[in-house]
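For reference, the structure discussed in these notes is given below.
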Amino acid sequence: MNMPSSEQLIGIACDHGGYEMKEFLKAKLIEFGLKVVDYGTNSPESVDYPDFIHPIARDVNDTKLKTAVIICGSGNGAQMTANKYGNVRAALCWNVELASLARQHNDANILALPGRFVSFELAWSMVKVFIETNFEGGRHSGRVSKIGRIQ
Ligand code: RB5
């Protein structure tokens with residue numbers, strides 16, 4: 001079986017606060033032509049966001065996934081969990097410009113969304129910009145490399 005390359009794959013994960021949005025975005029991403037790896041959760045039942053964010057963040061960290069979208073109610077818990085991984089740069093975004101800047105300036109590899117605070121359509125606009133925008137490199141490369149790790 002030919003496995004899709006990490007270039008074609010996008011991961012998506014959420015807790016109950018992002019479940020409905022995750023289902024909406026997953027359908028949009030498939031329609032858009034991407035292969036989506038769904039890390040759950042798969043119902044509106046209350047869960048703990050780290051249980052769903054650690055596995056997807058680990059796969060981005062290990063380059064099994066190039067890009068991922070994570071959603072919780074506020075986006076904060078999901079982003080904080082993902083950013084525990086040294087190769088992860090998860091950006092919590094509330095509008096399209098921030099999603100674009102997260103790629104252009106920060107080479108973000110995970111988009112974190114506040115599932116309870118933005119519309120599904122705005123969320124999709126942010127996801128689309130995030131996957132279509134390239135890192136600008138140049139002066140931003142040195143800055144991103146200085147983010148580093150604190151042991
Ligand atoms: C769940 O109620 C909520 O706390 C969670 O989705 C998230 O917002 C945490 O940061």
Side-chain angles (χ1 to χ4, degrees), residues 4 6 8-135 140 143-151:
S6 69
Q8 300 165 283
L9 287 178
I10 183 160
I12 194 161
C14 64
D15 72 355
H16 53 289
Y19 168 67
E20 308 281 350
M21 182 178 282
K22 190 259 286 176
E23 293 298 298
F24 175 83
L25 293 176
K26 183 179 163 185
K28 286 284 197 186
L29 285 163
I30 292 168
E31 200 181 297
F32 193 65
L34 291 176
K35 297 205 166 26
V36 181
V37 187
D38 186 346
Y39 288 75
T41 187
N42 289 310
S43 88
E45 204 175 300
S46 182
V47 292
D48 298 333
Y49 55 83
D51 295 340
F52 296 86
I53 303 303
H54 277 299
I56 193 169
R58 202 174 293 128
D59 281 354
V60 171
N61 190 65
D62 297 346
T63 67
K64 287 179 189 151
L65 287 174
K66 190 168 168 256
T67 312
V69 177
I70 57 177
I71 316 156
C72 67
S74 64
N76 278 320
Q79 186 214 27
M80 288 175 189
T81 306
N83 277 325
K84 291 292 175 190
Y85 294 81
N87 298 323
V88 164
R89 289 176 301 283
L92 173 58
C93 296
W94 282 69
N95 65 39
V96 170
E97 193 178 4
L98 290 175
S100 177
L101 284 170
R103 289 288 311 127
Q104 289 174 60
H105 291 187
N106 313 111
D107 200 15
N109 46 19
I110 296 188
L111 173 64
L113 295 172
R116 290 186 175 138
F117 294 89
V118 296
S119 72
F120 288 8
E121 285 303 333
L122 174 55
W124 171 236
S125 299
M126 286 192 264
V127 170
K128 215 146 83 64
V129 156
F130 192 81
I131 56 187
E132 288 178 334
T133 303
N134 291 321
F135 179 46
H140 300 294
R143 293 169 185 168
V144 168
S145 70
K146 280 188 180 182
I147 294 173
R149 290 176 203 231
I150 310 294
Q151 297 300 338

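Just so you know, residue 1 is the first one in the sequence shown, and it goes up from there. Read the numbers this way: they start at 1 and go in the same order the structure lists the ligands and their atoms. The shown structure was predicted, so the numbers you read here are calculated from the model rather than taken from an experiment.
Between Val144 and Phe135 there is a side-chain heavy-atom pair separated by less than 4.5 Å.
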Exercise answer: donor-acceptor pairs, residues 18-27 side-chain atoms, under 3.5 Å, sequence neighbours excluded:
from	atom 1	to	atom 2	distance (Å)
Lys22	NZ	Asp38	OD1	3.0
Lys22	NZ	Asp38	OD2	2.9
Lys22	NZ	Thr41	O	3.0
Lys22	NZ	Asn42	OD1	2.9
Lys26	NZ	Asp38	OD2	3.0

Return a table of donor-acceptor pairs under 3.5 angstrom between the side chains of residues 104-114 and protein atoms on other chains or two or more places apart.
from	atom 1	to	atom 2	distance (Å)
Gln104	NE2	Ser100	OG	2.5
Asp107	OD1	Arg103	NH1	2.9
Asp107	OD2	Arg89	NH2	3.4
Asn109	OD1	Arg89	N	2.7
Asn109	ND2	Asn87	O	2.8

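Applying the side chain to side chain donor-acceptor pair (under 3.5 Å) test to residues at least two apart or on different chains, none of the pairs has a partner in residues 113-135.
Asp48 places no side-chain N or O within donor-acceptor distance of the main-chain N or O of Asp51, the cut-off being under 3.5 Å.
Within 4.0 Å of ligand 1, protein heavy atoms belong to Asp15, His16, Tyr49, Cys72, Gly73, Ser74, Gly77, Arg116, listed by chain and number.
The aromatic rings of Tyr85 and His54 sit perpendicular to each other, their planes meeting at more than 60°, with 30° as the lower class boundary.
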